Visitor: 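Here's a structure for you.
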2 protein chains.
Amino acid sequence: MGTTQLETVPEPKYWHLKTVLTEALDSEFSVGEILPNERDLAARFGVARATLRQALEQLELEGRLQRRRGVGTTVAPPRVGVAVGTEQHAWPGAASDAWQPVDCDQAAPPTAVAKALETGADEPVHTVRRSRMSHGQPVATEQLYIPAASVPDLTAIDAPSGPARARAVLRELQHLTLEGQDRAVELGSARADDAKELDRLPGSPVLVVTTRFFAAGRTAALSVATYRADTCRLTFGDSPDVEIHHDPEQRAS
Amino acid sequence: MGTTQLETVPEPKYWHLKTVLTEALDSEFSVGEILPNERDLAARFGVARATLRQALEQLELEGRLQRRRGVGTTVAPPRVGVAVGTEQHAWPGAASDAWQPVDCDQAAPPTAVAKALETGADEPVHTVRRSRMSHGQPVATEQLYIPAASVPDLTAIDAPSGPARARAVLRELQHLTLEGQDRAVELGSARADDAKELDRLPGSPVLVVTTRFFAAGRTAALSVATYRADTCRLTFGDSPDVEIHHDPEQRAS
DNA sequence: TAGTGGTCTAGACCACGGG
DNA sequence: CCGTGGTCTAGACCACTAT
């Protein structure tokens, strides 16, 4: 009764491979250890390299492996918890919010961003780029869109672009009263520039966190942050130290 | 200067294909429309089917396409915003929290769950399975782990399993005073059972939301929710109606 | 039964990283 | 330079869905 599925269906090879490899990773390998190369592994399991790669891709997606061209495949450490929701109700750039200003310029935003900011499609906004590190590794990049109206007192005290400019814009932002904020998380694939900064290939899976900041009845700033999906676990509470998950098919009945 | 990259690197075919297809989707197709089959598309673009598939996979990951075996590839509607963080500080099962109880039994949880609940590894806990719908489609499944200590007054009023039992357990939970909660989001791949319920293939990318509920100084319940990554955008604020994102490489400089 | 996407193979060549 | 993972090909067969 219930879901008594005898599964006459033959399990795909890559799926079974993934299970086997997962168990091997749990028992016979330690973090940082490098695996045999793909050609050897494929031969050892008696499958084509493409099939072996399908299994490795999934394991990398799940954060169990790390593959680097020209180097090899290594066992990844557990995902690092990255706090996203702690500094509730604080402007980006407040105190030290784990982000590091990288650059800033003034340009017309993508149409979707312009819509969210309720600015004209061609009206230039301040675009701050920031990056976030964890354990010495880059884990996220961010584009912060700030309409000129949100930083009215910004003067030409600094260069029109560069990190100094970024800091100046963020400093001005603090003068506004933050009335609320709004977050969304979705899966995306890394653009070429983000990928380069995250030390990944273009198209790598990323978690995209979109945050809207409200002030004076408007959307005063919009942040689009791109986190490496393979290495990050986004935490929204107070304790970024949990580690649930990672159990292959642990459910029978 | 800065990042003046002339890119002597030849762009991978599948990446270029993805760009072309994205533009085609934006301009020439409407939601729900079915694309030519993979063999025809591959021929039309002069690439092998495997290469074409690599592009389609990415587009599906980004929620632009929906592929179904035996049917075809269709243009997906924009991702649906799914509220995850609104009902702050409420027990699962309170009022109507968008989740529908499916089943419940009492079994020893996976070790990682047992650790988070601070129960013995072999101590059975109530395991409630719930599912969540949106626009008539299943978007998430959940496993709720509730230690027996959290529902001390639970009697044998109902069957030891089944939806009725699930509701009884959730009802008992409300009697506790919720002291706080804790959330994390990470990328995962669908287990076979979850995949079946979400109408996806095993291994499909999913967003795993882990929530800990605190009461009486302990972790009184633990929820592991699995959302379809292709169709869902998880929202944590009050307005699930934003739509940022979706712009191919809209950054030159 | 016909047509779709999903899996798999056995090759080939390329881009990158490190000696 | 060599060895690694990344890309690509041209096939084959299978599982599923609709008719």
Side-chain angles (χ1 to χ4, degrees), chain A residues 5 7-19 21 33-61 64-76 189-190 192 195-196 199-205 230, chain B residues 5-19 21 33-61 65-76 189-190 192 195-196 199-205 230:
Chain A
Q5 46 196 117
E7 295 289 354
T8 51
V9 194
E11 203 175 40
K13 279 191 187 177
Y14 78 92
W15 185 262
H16 182 243
L17 244 186
K18 183 190 135 185
T19 306
L21 286 171
E33 200 167 341
I34 76 178
L35 269 60
N37 71 56
E38 297 182 348
R39 289 159 180 89
D40 286 352
L41 273 181
R44 181 176 313 186
F45 287 107
V47 300
R49 189 164 68 119
T51 306
L52 186 266
R53 278 180 61 81
Q54 211 172 339
L56 294 186
E57 256 152 48
Q58 284 230 1
L59 289 172
E60 190 178 32
L61 187 101
R64 301 297 311 260
L65 292 179
Q66 184 137 0
R67 296 190 289 173
R68 269 192 265 201
R69 170 152 50 178
V71 180
T73 302
T74 61
V75 180
S189 51
K196 178 167 258 179
D199 193 28
R200 300 263 65 197
L201 290 175
S204 302
D230 56 342
Chain B
Q5 46 197 118
L6 280 195
E7 296 288 356
T8 51
V9 196
E11 202 175 40
K13 279 190 187 176
Y14 79 91
W15 185 263
H16 182 241
L17 245 186
K18 185 191 133 185
T19 305
L21 286 172
E33 200 167 341
I34 75 176
L35 269 61
N37 71 56
E38 297 184 349
R39 290 161 180 88
D40 286 352
L41 274 180
R44 179 177 315 186
F45 287 107
V47 299
R49 191 178 155 218
T51 305
L52 186 268
R53 277 179 61 80
Q54 209 172 340
L56 294 185
E57 256 151 49
Q58 284 229 4
L59 289 172
E60 189 177 34
L61 186 101
L65 293 180
Q66 184 137 359
R67 296 191 288 174
R68 269 188 280 186
R69 170 152 50 179
V71 180
T73 302
T74 61
V75 180
S189 51
K196 177 168 257 176
D199 192 27
R200 300 262 65 198
L201 290 177
S204 303
D230 56 343

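Small disclaimer: the values here were computed from a predicted structure and weren't measured. We use all heavy atoms of the structure for the numbers below, so side chains are in, but hydrogens, waters and symmetry mates are not. Per chain, numbering begins at 1; letters A, B, ... match sequence-line order.
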Visitor: Taking CD from A:E11 and C1' from C:dC8, how many angstroms apart are they, rounded to a whole number?
Guide: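 For the pair A:E11 CD and C:dC8 C1', the rounded distance is 15 Å.
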Visitor: Tell me which one of A:R200, A:R64, A:Q66 satisfies side chain to side chain donor-acceptor pair (under 3.5 Å) with A:D230.
Guide: A:R200
Visitor: Between C:dG6 and B:R53, is there an OP1 or OP2 to side-chain N/O distance shorter than 4.0 Å?
Guide: yes
Visitor: Please determine if a side-chain N or O atom of A:N37 lies less than 4.0 Å away from the OP1 or OP2 oxygen of D:dT4.
Guide: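 Yes.
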Visitor: Heavy atoms only: give me the nearest A:A190-A:A195 pair and the separation to one decimal.
Guide: CB-CB, 3.9 Å
Visitor: Using a cut-off of less than 4.0 Å, is there contact between a side-chain N or O of B:R49 and OP1 or OP2 of D:dT9?
Guide: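 Answer no for this pair, as no side-chain N or O of B:R49 is under 4.0 Å from OP1 or OP2.
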Visitor: Could you give the NZ-to-C1' distance, from A:K18 to C:dG6, as a whole number of Å?
Guide: 16 Å
Visitor: Which listed nucleotide (C:dT9, C:dG17, D:dA10) is nearest to the side chain of A:K13?
Guide: C:dT9
Visitor: Check whether any side-chain nitrogen or oxygen of B:T51 sits under 4.0 Å from OP1 or OP2 of D:dT7, and answer yes or no.
Guide: no
Visitor: Calculate the interatomic distance between A:I34 atom CD1 and C:dG18 atom P; express it in whole Å.
Guide: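 Result: 12 Å.
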Visitor: Side chain of A:Q54: nearest nucleotide among C:dT9, C:dC8, D:dA15?
Guide: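 From the listed options, C:dC8 comes nearest.
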Visitor: Return the nearest nucleotide to the side chain of A:V47; candidates are C:dT9, C:dC16, D:dC8.
Guide: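 In terms of side-chain proximity for A:V47, the closest of C:dT9, C:dC16, D:dC8 is C:dT9.
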Visitor: If only side-chain N and O atoms of B:R67 are considered, is one of them under 4.0 Å from the OP1 or OP2 phosphate oxygen of C:dG6?
Guide: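 Yes, such a contact exists.
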Visitor: Determine the contact category for B:L56: base if any of its heavy atoms lies under 4.0 Å from a base atom, sugar-phosphate if only primed atoms, P, OP1 or OP2 are that close, otherwise nothing.
Guide: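 Contact class for B:L56: none.
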Visitor: Can you tell me how far P of C:dT7 sits from CG of A:L17, to the nearest Å?
Guide: 13 Å
Visitor: Could you check whether A:R39 gets within reach of a base, just the sugar-phosphate, or nothing at all, counting any heavy atom under 4.0 Å?
Guide: base
Visitor: Within this structure, what is the CZ-CD distance for the pair B:R53 and B:E60, rounded to the nearest 0.5 Å?
Guide: 9.0 Å
Visitor: Round to a whole Å and report the spacing from CG of B:L41 to P of C:dG6.
Guide: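 Answer to the nearest Å: 13 Å.
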Visitor: When you measure from the side chain of A:E38 to the backbone N and O of A:L52, does any donor-acceptor pair fall under 3.5 Å?
Guide: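 Such a contact is absent between A:E38 side chain and A:L52 backbone.
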Visitor: So does B:Y14 get a side-chain nitrogen or oxygen closer than 4.0 Å to the phosphate oxygens (OP1/OP2) of D:dT7?
Guide: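 Yes, such a contact exists.
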Visitor: Could you state the atom-to-atom distance from CD of B:E60 to C1' of C:dT4 in whole Å?
Guide: 14 Å
Visitor: Give a yes/no on whether any side-chain N or O of A:T73 is located under 4.0 angstrom from OP1 or OP2 of D:dT4.
Guide: no
Visitor: When you get a sec, tell me which of C:dG6, D:dG5, D:dT7 is the closest nucleotide to the side chain of A:E38?
Guide: D:dG5
